[in-house]
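Below is one structure; the comments refer to it alone.
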Amino acid sequence: GALNVLPESSLFNYDFDTDHLGLLAHDNLLIGGTIRSQSLVYNSVVLLQKGRVTARYNKIFLVPIEEDARLQAGNERQTNTLRFGDVILGVGICYESSFERISLKAVHNGAQALLFLSNTQSPPATALQLRSVQVRSAETGRVALFVGMAGNTSMTDAKGKVVWRMPWASSERRAISVPLYSGLTNAVHFSAQLSYILVAVTCATLVSLLWKGLHRKAERDHQG
Amino acid sequence: PRLEGYLEVNLVQPGIVG
């Protein structure tokens, strides 16, 4: 069946264990909310299938103060990919779309499309998040879905261009076919190494300038 | 990147401005 996706939602703050959470859904439902796990409360995305949680991602980059004062951050080493049947989806929650690492890690772990669930309800903030999602889409060569509470819910093509977008404050349910891609873009291939290469080039340049400077000084001292 | 297939998705936007 199709995957039903709802946003990271303030309507669904499940303050109980995931055992009970599963009872809420009998369909293929992907939804975000704050979820307790033992004594810790996370901001999570869960995949519910036939009343069971079959995949879960705990938000790694919590919003400073608002979230990190009361929630537990997900482990940075967990993967942010969820498997749905044969499909691997890369997920991020709310402003995690600002972090390049989120989409790079997902794609390195086989993500065929990206999915960002948000609960942001101000027009400028959702517009900004959508822009970040477009960048994540373009750099990874994946179609990205942005799912919001109040507006800007949208799909990009694999080059980051917004294909369609839901109007602000509209209540909509839309059936779509999401194209799935594999393979790595140059940005994904080289982004990890690029910073090391730039540091190496900078160090080599500094050493060479220092060397030349010392050499010239030695020449001048010799002439003088 | 290569196109490998499609995933059918129902997207829901609640339309709530809080």
Side-chain angles (χ1 to χ4, degrees), chain A residues 1-7 9-12 27-31 84-89 107 112-113 115 119 121-123 140-143 145-155 158-159 164-185 188, chain B:
Chain A
L3 177 65
N4 300 292
V5 181
L6 269 75
S9 171
S10 53
L11 289 178
F12 299 93
D27 210 348
N28 303 317
L29 178 67
L30 194 75
I31 189 169
F84 176 67
D86 297 331
V87 177
I88 301 175
L89 297 167
V107 171
Q112 296 164 297
L115 197 52
N119 68 352
Q121 293 176 46
S122 86
T140 54
R142 297 293 188 273
V143 167
L145 299 176
F146 176 73
V147 192
M149 284 287 283
N152 277 346
T153 295
S154 50
M155 181 168 87
K159 291 180 175 175
W164 54 260
R165 181 198 317 225
M166 291 184 190
W168 190 257
S170 71
S171 182
E172 281 189 46
R173 180 177 180 275
R174 182 169 180 147
I176 50 170
S177 282
V178 180
L180 303 169
Y181 285 87
S182 69
L184 300 182
T185 58
V188 174
Chain B
R2 296 179 308 277
L3 181 63
E4 294 211 308
Y6 294 88
L7 173 67
E8 301 310 313
V9 171
N10 295 314
L11 272 193
V12 179
Q13 175 177 287
I16 293 159
V17 183

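Order of the sequence lines sets the chain letters (A, B, ...), proteins ahead of strands, with each chain counted from 1. Just so it is clear, the structure is predicted and the values come from calculations on it, not from any experiment. Note that these values count all heavy atoms, side chains included, but never hydrogens, waters or copies made by symmetry.
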- Message: Does any part of the side chain of A/Ile176, heavy atoms only, come nearer than 4.5 Å to the side chain of A/Trp164, both counted from C-beta?
- Response: yes
- For A/Ala175, is it the side chain, the backbone, both, or neither that has a heavy atom closer than 4.5 Å to a heavy atom of chain B? both
- Query: Is there a side-chain contact between B/Pro1 and A/Thr185 (heavy atoms, below 4.5 Å)?
  - Reply: yes
- Please tell me if the side chains of A/Thr153 and A/Glu172 come closer than 4.5 Å, counting only heavy atoms from C-beta onward. no
- Considering only heavy atoms, which portion of A/Pro123 lies under 4.5 Å from any heavy atom of chain B: side chain, backbone, both, or neither? neither
- Between A/Ala2, A/Ser177, A/Gly141, which has the largest tally of heavy atom pairs under 4.5 Å with chain B? A/Ser177
- Task: Report yes if some heavy atom in the side chain of A/Leu89 is under 4.5 Å from a heavy atom in the side chain of A/Val178; otherwise report no.
- Result: no
- Task: May I ask you to decide if A/Ser170's main-chain N or O and B/Gln13's side chain share a donor-acceptor pair within less than 3.5 Å?
- Result: yes
- Item | Top of A/Gly85, A/Gly183, A/Ser122, A/Gly151 for chain B proximity - count of heavy-atom pairs under 4.5 angstrom | A/Gly151
- Task: Check whether A/Asn152 gets within reach of chain B through its side chain, its backbone, both or neither, counting any heavy atom under 4.5 Å.
- Result: backbone
